Amino acid sequence: MAPTDSSKPRHPLSSAAAVLAESTDDAAFATTLAKGLVVLEAFKAGSTLLGNMELSTLTGIPRPTVARLTHTLAELGYLRYDAERAKYRVGARALRMAHPLLAGMQFRQVARPMMQELAHSVRGTVSIGLLDATSMIYVETARSGDVGPHVPDIGMPIPVVMTAMGRAAAATLPPADADRLERNIAAEDAGLWSAVRDKYRAGIAQCKSRGFCTCWGEYMASIHAVAAPLFHASESKQSFSINCGIPAFRLQPGQLEGEIGPRIAALADSIRAIVGQAELTTTPRKTKKITSAGK
């Protein structure tokens, strides 16, 4: 069934719970389905094994409803019941949902060898992120050995507003989408937006003027990062960026901006050239593309 109002924009909120809360007057909205997705979203790193009571507390959904949802999701394979603990964990079938999305991003496989080379060279992590509402979702990552407390992994979310990766992705957006993103960030946490707004906008400006932006431990104090815009796919409306995170203690003075920033921008240029994406119109500088030697 098609949406009742095709002119209505795709909901920008960052969680199924937020969409559910604002969709009570939408006759076409499948509330039971949404509640099931809210339950699935409650499983996060650090909360991988949850009982019905815990899920009810986390989601605000009454326990009897949660019990029906978890039973159904377990029957379908999206949850797995641990009888010994009387709790649930995410089932293997949930991975199937990610595969069609990732399979449509074939540039990840092209980019990964170059990402691994840079990660090894600087002894950090290099990752590609996809903009999702007010979060960035890791869709590819490469790392050297010990990279400190932040170990990116595919599917992991991080906030747009506090990260170089998020600001670089925002720099790819058309103006109307960029304005909408700012409004959504402010609506989610007005205090945070007020505190970091200037740095957020400065990061976007850095991407437009020199091809990358920096983030000095704003998201994690022990990790400094640079990121470059990749592209905004016009057909899928997906925005991507690429970052490099380094443990702060490994950085030499001036290295992040003087060396690693230009290298992540050059890597972004190389990826765009290989996959046939147009050069960013927001990036007037010329950078030397990374070769197989990483120079």
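Given the structure is predicted, the values throughout are model-derived calculations rather than measurements.
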Should E182 and R197 count as an ion pair when the cut-off is N to O under 4.0 Å?
no
Do side-chain atoms of T57 reach the backbone of M53 as a donor and acceptor pair under 3.5 angstrom?
yes
Does the side chain of C244 reach to within under 4.5 Å of the side chain of V122, using non-hydrogen atoms?
yes
Any non-hydrogen side-chain atom of L102 less than 4.5 Å from a side-chain atom of R108?
yes
Does one hydrophobic cluster hold both L95 and L37, with members joined at side-chain heavy-atom distances below 4.5 Å?
no
Taking the side chain from R143 and the backbone from P152, do they hold a donor-acceptor pair closer than 3.5 Å?
yes
Is the backbone N or O of I61 less than 3.5 Å from a side-chain atom of S56, with the two atoms forming a donor-acceptor pair by type?
yes
For residues S144 and H120, is any side-chain donor paired with an opposing acceptor at under 3.5 Å?
no
Taking the side chain as every heavy atom from C-beta outward, state whether T48 and V90 have any atom pair closer than 4.5 Å.
no
When you measure from the side chain of Q206 to the backbone N and O of T214, does any donor-acceptor pair fall under 3.5 Å?
yes
Quick check, are the ring centers of Y78 and F43 under 6.0 angstrom apart?
no
Within a strict 4.5 Å, meaning less than it, do heavy atoms of the V161 and T134 side chains meet?
no
Rounded to the nearest 0.5 Å, how far apart are CE of M156 and OG of S135?
12.5 Å
Under 4.0 Å between a side-chain nitrogen and a carboxylate oxygen: does that hold for R167 and E218?
yes
For atom CD of Q106, decide whether the heavy atoms of other residues, nucleotides or ligands shown that lie under 6.0 angstrom number more than 12.
no
Do L50 and Y88 have side chains that approach each other closer than 4.5 Å (heavy atoms only, starting at C-beta)?
no
Smallest separation among heavy atoms of A265 and A228, with atom names:
CA-CB, 3.9 Å
Could you tell me whether a side-chain N or O of R250 sits under 3.5 Å from a main-chain N or O of R123, the two making a donor and an acceptor?
yes
Can a donor-acceptor pair be found, under 3.5 Å and without considering hydrogens, that links the side chain of S241 to the backbone of M165?
yes
Considering residues, nucleotides and ligands other than R80, do more than 12 of their heavy atoms fall under 6.0 Å from its CZ?
no
Is a side-chain N or O of D82 found less than 3.5 angstrom from the main chain of R85, in a donor-acceptor match?
yes
How about T70 and N52: does a side-chain donor come under 3.5 Å of a side-chain acceptor?
yes
Determine whether L58 and L79 fall in the same hydrophobic cluster, where Ile, Leu, Val, Met, Phe, Trp and Tyr are linked whenever their side-chain heavy atoms lie under 4.5 Å apart.
yes
Keeping S209 on the side-chain end and A205 on the backbone end, is there a donor-acceptor pair under 3.5 Å?
yes
Does the Q255 side chain pair with the main chain of Q252, one donor and one acceptor, at a distance under 3.5 Å?
yes
Residue pair P229 / R272: nearest heavy atoms and the distance that separates them:
O-NH1, 2.8 Å
Among N243, T125, L130, which residue satisfies the side-chain contact (heavy atoms from CB on, under 4.5 Å) criterion with Y138?
N243
Minimum-distance pair of heavy atoms, taken over all atoms of C207 and A168
SG-CA, 3.7 Å
May I have the step-by-step check of salt bridge (charged side-chain N to carboxylate O under 4.0 Å, His left out) for E54 and R63, ending in yes or no?
CA-CA 9 Å; E54 292 168 299; R63 188 182 182 283; over 6 Å; no
In plain terms, say whether R263 and E117 are close enough for a salt bridge, that is, a side-chain N and a carboxylate O under 4.0 Å apart.
no
Does the pair I242 and I271 meet the rule for a side chain to side chain contact (heavy atoms under 4.5 Å, CB included), with working shown?
CA-CA 10 Å; I242 186 166; I271 294 169; 3.8 Å; yes
Would a hydrophobic clustering, with Ile, Leu, Val, Met, Phe, Trp and Tyr connected at side-chain separations under 4.5 Å, put V275 with L118?
yes
Parallel, tilted or perpendicular: which fits the ring planes of F231 and F240, with parallel below 30° and perpendicular above 60°?
tilted
For the residue pair M162 and L192, establish whether any side-chain heavy-atom pair is separated by less than 4.5 Å.
yes
Do you reckon I223 sits in the same ILVMFWY cluster as Y219, going by side-chain contacts under 4.5 Å, direct or chained?
yes
Distance from I274 atom CD1 to D269 atom CG, nearest 0.5 Å?
11.0 Å
Which atom of K44 lies closest to which atom of E41, heavy atoms considered
CE-O, 3.3 Å
Could you walk me through whether M115 and I128 pass the side chain to side chain contact (heavy atoms under 4.5 Å, CB included) check?
CA-CA 9 Å; M115 294 167 60; I128 293 173; 3.7 Å; yes
Verify, without hydrogens or angle tests, whether N184 (side chain) and R180 (backbone) share a donor-acceptor contact under 3.5 angstrom.
yes
Sub-4.5 Å side-chain heavy-atom contact between W216 and E257:
yes
Rounded to the nearest 0.5 Å, what separates atom CG in L33 from atom CG in L20?
10.5 Å
With clusters defined by side-chain heavy atoms of hydrophobic residues (ILVMFWY) lying less than 4.5 Å apart, directly or transitively, does I154 cluster with M114?
yes
